[in-house]
Amino acid sequence: MTAGIVNPPVWHASTILFDDLAALDAARSHLDQGLFYGRRGTPTQWALEEALTALEPGAAGTKLYPSGVAAIAAALLTVVRAGDHVLMVDTAYEPSRAFADRFLKPLGIATTFYPPTADVTAFLQPSTRAILIESPGSLSFEVQDVPAIVAVARAHNIATVMDNTWATPLLFSPIAHGVDFSVQALTKYTGGHSDLMMGSVTTTAKYWGRLKTKSYLLGYCVGPDDAYLALRGLRTLGLRLERQGASALAVAEWLQGHPAVARVLHPALPGDPGHALWQRDFTGASGLFAVVLKRGSRPHTAALIDHLAHFGIGFSWGGYESLILPVELDGIRTATSSDSAKLFAGTQIVRLSIGLEDPADLIADLAAGLDRYEAQF
Ligand SMILES: *Cc1c(COP(=O)(O)O)cnc(C)c1O
């Protein structure tokens, strides 16, 4: 089909023409096979879907969405209906929480937020249909016991949805750990170059038919140029993660020894509360973590962040260039266990996404930034 060209062509299509009515009727009868209409995709999108499915042993298929948030929404909407109850980890990505509070709730679907390290059994209701897992947690990096949550969910016939954006399937496979829906914001590491918005949901045979149908009914699809960019990012994902993970750990270790730093939130550090679970379940760490500063308040953080040479100030992460942002947990968490609520109350937290730069340059940059920070006291 591609005449020896290495990569799949970028097929742009809305209309697809048929030779005759018999051919049109034959194509109509299968939802997910062959060309029919642009919303069902073209070989460009299918190549990305197949590659993502192949990354997770035990998966039956993958659907693509215009963003990571859309992917999380689609996974949840595949399994819940009015009257159902959702358990969502308290450390979930903030827009996932907003989707539960402001979209699911008015539909009659209630959500309870559970602490990331809690036994979920205590939070189950007779109508619980889905449990959302995100590990490590957004902003504060708590590691969840995924196999333990999956065991409880399976015993009660509850679907599990995991936001696996931090690890990607290369460092943790949700499907291989028994999770039903493996979600990625491809926007982050898979895209990898800060120029793409996309999400994916990979699932097993049990839910594949339902995911396909619900996603089609919702009208979700992605453009072929974007699918091509994600596929291109995927080719180098392993190498980038290896480098970014190693650089991030080097920066994290250096920060841990800095007198201005109270704690580094990074599960690959041996002293981290999530380290043992991370070591048991993950095959590596990506390049996103956070640092808790000993003193100061939000106005002080500008001195640290504003004049860095190698860190951009902006949302998202997982790109080739390093980013830095202050983290605000106040008002975001509702269920957090007393420990982490106390731990983070009134502190300054800064999140770093480590890119492909030389880690020595990044450390020198942060050293100067922390000198500026400390000079204020
Ligand atoms: C960014 C992000 C998302 C959402 O991805 P978008 O493509 O920005 O919608 C979901 N989960 C996590 C953990 C993220 O960091």
Side-chain angles (χ1 to χ4, degrees), residues 48 52 62-77 86 88-103 113 116 131-144 146 160-172 174 179 181-202 215 218 220-223 226-227 229-230 233-234 237 241 244 248 265-267 274 278 282 285-290 312 314-319 322-329 332-333 349 351-355:
L48 175 60
L52 291 169
T62 298
K63 292 308 289 178
L64 302 173
Y65 304 89
S67 70
V69 168
I72 287 163
L76 288 171
L77 289 172
V86 173
M88 184 175 284
V89 66
D90 200 37
T91 47
Y93 182 61
E94 202 186 352
S96 299
R97 297 183 61 113
F99 177 74
D101 286 337
R102 296 163 59 190
F103 192 99
F113 295 95
I131 301 178
L132 187 124
I133 301 164
E134 183 179 326
S135 181
S138 261
L139 308 177
S140 43
F141 302 93
E142 296 88 345
V143 181
Q144 296 194 257
V146 177
T160 43
V161 177
M162 178 163 175
D163 184 335
N164 192 41
T165 302
W166 184 86
T168 84
L170 298 192
L171 304 181
F172 180 88
V179 171
F181 296 89
S182 168
V183 181
Q184 264 195 88
L186 301 172
T187 306
K188 310 289 166 59
Y189 279 113
T190 300
H193 298 76
S194 306
D195 52 6
L196 174 74
M197 298 299 301
M198 200 183 291
S200 63
V201 181
T202 301
S215 301
L218 284 162
Y220 279 135
C221 58
V222 304
D226 285 344
L229 278 180
L234 200 59
L237 178 61
L241 277 176
Q244 286 171 266
L265 309 176
H266 189 316
W278 172 81
F282 291 69
S286 65
L288 187 79
F289 68 96
F315 293 104
S316 197
W317 46 273
S322 293
L323 295 175
I324 190 164
L325 267 187
V327 167
E328 302 281 355
L329 293 180
I332 296 183
R333 308 284 192 244
I349 307 177
R351 191 185 72 178
L352 296 98
S353 173
I354 301 300

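One-based numbering, in listed order, for ligands and for the atoms of each. All residue numbers refer to positions in the sequence shown, counting from 1. Note: hydrogens, waters and symmetry copies are ignored here, and every other heavy atom, side chains too, is used.
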>> Taking the side chain as everything from C-beta on, heavy atoms only, tell me whether Asp101 gets closer than 4.5 Å to Phe113.
In response: yes

> If you take all heavy atoms of Val143 and Pro267, which pair is closest and at what distance?
Replying inline: CG2-CB, 3.5 Å

> Side chains of Pro174 and Val146: does their closest heavy-atom pair fall under 4.5 Å?
Replying inline: no

>> Which residue in the set Thr165, Thr190, Thr62 passes side chain to side chain donor-acceptor pair (under 3.5 Å) when paired with Gln184?
In response: Thr190

>> Please determine whether ring pair (Phe, Tyr, Trp, His ring centres under 6.0 Å) holds for the pair Trp317 and Tyr189, giving the CA-CA distance in whole Å, both sets of side-chain angles, and the decisive distance to 0.1 Å.
In response: CA-CA 7 Å; Trp317 46 273; Tyr189 279 113; 5.5 Å; yes

>> Which label fits Phe289 and His266: parallel for a plane angle under 30°, tilted from 30 to 60°, or perpendicular past 60°?
In response: tilted

Which N/O atoms of ligand 1 sit under 3.5 Å from a protein N/O, and at what distances?
unit_1: ligand 1; atom_1: 7 (O); unit_2: Gly68; atom_2: N; d: 2.8
unit_1: ligand 1; atom_1: 7 (O); unit_2: Thr187; atom_2: OG1; d: 2.5
unit_1: ligand 1; atom_1: 9 (O); unit_2: Gly68; atom_2: N; d: 3.0
unit_1: ligand 1; atom_1: 9 (O); unit_2: Val69; atom_2: N; d: 2.9
unit_1: ligand 1; atom_1: 11 (N); unit_2: Asp163; atom_2: OD2; d: 2.6
unit_1: ligand 1; atom_1: 15 (O); unit_2: Lys188; atom_2: NZ; d: 2.6
unit_1: ligand 1; atom_1: 15 (O); unit_2: Trp317; atom_2: NE1; d: 3.2

